[in-house]
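Input: a single structure, listed below in structure tokens.
This structure is a prediction, so every number in the text was calculated from the model and none was measured.
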Amino acid sequence: MKFVLIFLLSTVGGVLSGEHFHSFMAGFGIAAVAVGTGYWLAFRCSTRYPQLALLMLLMGMMAKMGVTITGVMWGMEAKLINSPIVFALSYLFFSIVVTYLYSRLREFQMARVKTAASAAPVSQLVAQN
């Protein structure tokens, strides 16, 4: 149901920003790349050391800011962003949506790892008998 709501809101936003569709798509693209880059850096390694985890989170945040600033500068130079308010709202919405989708993906991946880890001892017992 949540995915249908996200799709519906995205479609309505795209239709309502018809005259400024380039700004809408620039907001989507920059948000997706920025959040993806930040997520990839921040959660790349699992560690027991809190200092390294904090460093990776800070690197993810700086990467997201860098991608966003570079994307906005590129979009303004290429005249893709012709409506700053549509761009800002699109960026905000898709930043939240992509963050939600990445967190759901992470939950799914962690559940698969737990399932595989709990199933491993059973298969070893079966192989021994």
Considering all heavy atoms of both residues, which atom of F24 and which atom of S90 are nearest to each other, and what is their separation? O-OG, 2.7 Å
Between atom CD1 of I96 and atom CG of L101, what is the distance when rounded to the nearest 0.5 Å? 12.0 Å
Hey, quick one: are I6 and V15 part of the same hydrophobic cluster, counting side-chain heavy atoms closer than 4.5 Å, chains of contacts allowed? no
Indicate the atoms forming the closest heavy-atom contact of L57 with A42, along with that distance. CD2-CB, 3.8 Å
As an exercise, state the distance from OG1 of T37 to NZ of K64, rounded to the nearest 0.5 Å. 10.5 Å
Heavy-atom closest pair, residues H20 and V86: O-CG1, 3.9 Å
May I ask you to test the V72-Y91 pair for a side-chain heavy-atom distance under 4.5 Å? no
Measure from the side-chain N and O atoms of T70 to the backbone N and O of V67, and report whether any donor-acceptor pair falls under 3.5 Å. no
Joint cluster assignment, V35 & W74, ILVMFWY side-chain distance < 4.5 Å: no
Could you check whether any side-chain heavy atom of M59 comes within less than 4.5 Å of a side-chain heavy atom of L55, counting everything from C-beta outward? yes
To check you understand the geometry: which heavy-atom pair defines the closest contact between S83 and S23, and what is its length? N-OG, 3.1 Å
Output the distance between atom CG (L105) and atom OH (Y100), rounded to the nearest 0.5 Å. 12.0 Å
Does one hydrophobic cluster hold both Y102 and M61, with members joined at side-chain heavy-atom distances below 4.5 Å? no
H22 and L80: which non-hydrogen atoms are nearest, and at how many Å? CB-O, 3.3 Å
What is the distance from atom CG of L16 to atom OG1 of T11, rounded to the nearest 0.5 Å? 10.5 Å
Supply the atom-to-atom distance Q109 CD to E107 CD, rounded to the nearest 0.5 angstrom. 11.0 Å
Anything under 30° is parallel, anything over 60° is perpendicular, the rest tilted; go ahead and classify F94 against F28. perpendicular
Flag yes if M56 and W40 sit in one hydrophobic cluster, no otherwise; membership is Ile, Leu, Val, Met, Phe, Trp, Tyr, and two members link when side-chain heavy atoms are under 4.5 Å apart. yes
Got a second to check how far Y39's OH is from S103's OG, nearest 0.5 Å? 7.5 Å
Applying the 4.5 Å side-chain criterion to the ILVMFWY set and letting contacts propagate, would L9 and L89 be lumped into a single cluster? yes
